[in-house]
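Everything on this sheet refers to the single structure shown next.
Keep in mind the model is a prediction, meaning the values are calculated, not measured.
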Amino acid sequence: MLTILSKDSMTVTREQDVVPCRNRVKEVAVKIGMGIVNQTKLITAASELARNMLRYANGGQVVIEVVSKGRESGVRLTFADKGPGIADINLAMQDGYSTGKSLGLGLPGTKRLVNEFDLKSIVGQGTTITILKWKNG
Amino acid sequence: MEKIPILRMGSFLLVTIQVDLYDRLALTLETDLINMVHKTGARGVLIDISAVSIVDSFMGRILGNIASMTRVLDAETVVVGMQPAVAITLIELGLSLSGVYTALDVERGMSLLQTKLGPNDELVDDDADDTE
Ligand SMILES: Nc1ncnc2c1ncn2[C@@H]1O[C@H](COP(=O)(O)OP(=O)(O)OP(=O)(O)O)[C@@H](O)[C@H]1O
Ligand SMILES: [Mg+2]
């Protein structure tokens, strides 16, 4: 069973919010004793998702949670926006697919960097992406 | 507005990134560097990212852009000092940084540039900082 040990949230509405968002994620990762490599992967993933939210949905909300399951603890992040949504999720998850003339690495790359990745999106309503990185994951 | 200083060392330019860059600062650095290379005729650019703890796809793209733009201006870019955790993350993210030279530290980056540029440019650099 997953237990939520702490919960914090912030809004990301401007490009300048990305660095503070990364710092908040880093704080909790350090607090649970996550190693530097996993920390870096998690923060990079957070950075990608925060950027996507800004770029494609004009921003949104980030929830930062410390969770535990048995003896393992981890950080769970939820990025929720009320943007246009993603019509074809399979396509968006492909390496190299981008509607923003970019590298199309953000979503598939993020999935590789974390232990759990969940994307829910409804066209016209928004997108919610939840990622989880275990301390020793 | 905040700016990242660009140092001139002989025929090279050295940029040390000390903070986690937010987008506008990174874009400003990109234009400033290109202008500097053009103005000074620098043959090499060293970007020291040893203090940078996160390189995401945006930052990676900026580094790639700088490398290809400086190449058009007949200069080479070397990214130096990437932290191991950053390197591991970049690979997993899928960012290959192809076309960007990398070196462990500034000194090795310099010698890499010198090898790339050949003996003539090495002389130019010699009077700048090689006094032994
Ligand atoms: N929050 C979102 N709302 C709506 N569409 C999104 C959102 N996030 C991603 N997308 C869509 O999914 C595509 C793929 O996203 P991904 O992050 O993988 O690539 P990118 O942002 O285009 O490029 P990169 O992240 O490499 O700079 C985007 O081009 C965009 O069309
Ligand atoms: Mg993206």
Side-chain angles (χ1 to χ4, degrees), chain A residues 12-27 29-30 34-56 59 79 92-98 100-115 117 131 133 137, chain B residues 1-4 15-32 47-69 77 79-100 102 104:
Chain A
V12 171
T13 48
R14 307 170 307 160
E15 151 211 323
Q16 292 96 309
D17 296 335
V18 175
V19 171
C21 170
R22 297 200 304 218
N23 292 341
R24 296 272 278 274
V25 173
K26 189 185 173 106
E27 263 167 50
V30 168
M34 192 181 277
I36 186 74
V37 173
N38 279 347
Q39 248 183 62
T40 307
K41 289 181 181 180
L42 175 69
I43 301 164
T44 305
S47 190
E48 293 296 334
L49 297 180
R51 260 185 218 303
N52 276 356
M53 219 160 62
L54 280 172
R55 181 159 185 182
Y56 303 109
F79 295 79
M93 287 306 295
Q94 274 174 27
D95 273 313
Y97 175 82
S98 172
K101 294 200 185 82
S102 192
L103 300 173
L105 283 178
L107 290 178
T110 295
K111 188 172 181 184
R112 286 190 287 268
L113 291 172
V114 298
N115 301 116
F117 180 99
I131 58 174
K133 184 84 186 162
Chain B
M1 202 186 108
E2 208 183 339
K3 261 181 191 283
I4 298 165
V15 181
T16 306
I17 302 178
Q18 301 280 16
V19 290
D20 277 335
L21 291 185
Y22 55 88
D23 303 15
R24 199 156 303 146
L25 200 57
L27 289 171
T28 311
L29 174 66
E30 190 180 297
T31 14
D32 285 355
I47 305 177
D48 183 357
I49 61 164
S50 55
V52 174
S53 57
I54 298 295
V55 176
D56 60 8
S57 65
F58 177 83
M59 187 59 200
R61 209 170 58 229
I62 298 269
L63 294 175
N65 284 351
I66 290 173
S68 32
M69 290 193 217
T77 295
V79 170
V80 301
M82 187 184 292
Q83 292 176 18
V86 171
I88 293 169
T89 301
L90 273 184
I91 289 170
E92 214 157 279
L93 188 63
L95 207 73
S96 57
L97 285 190
S98 54
V100 182
T102 52
L104 278 183

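- Checking side-chain atoms of N38(A) against main-chain N and O of G137(A) turns up a donor-acceptor pair under 3.5 Å.
- Of the two parts of R51(A), only the side chain, counted from C-beta on, holds a non-hydrogen atom closer than 4.5 Å to a non-hydrogen atom of chain B.
- Interface residue L95(B): backbone and side-chain heavy atoms are both found under 4.5 Å from chain A.
- Both the backbone and the side chain of V37(A) have a heavy atom closer than 4.5 Å to some heavy atom of chain B.
- With hydrogens and angles disregarded, a donor-acceptor distance shorter than 3.5 Å links the side chain of K133(A) to the backbone of L113(A).
- Rounded to the nearest 0.5 Å, atoms CD (E15(A)) and CG (L27(B)) are 7.5 Å apart.
- Residues K111(A) and L107(A) are not in side-chain contact: their nearest non-hydrogen atoms beyond the backbone lie 4.5 Å or more apart.
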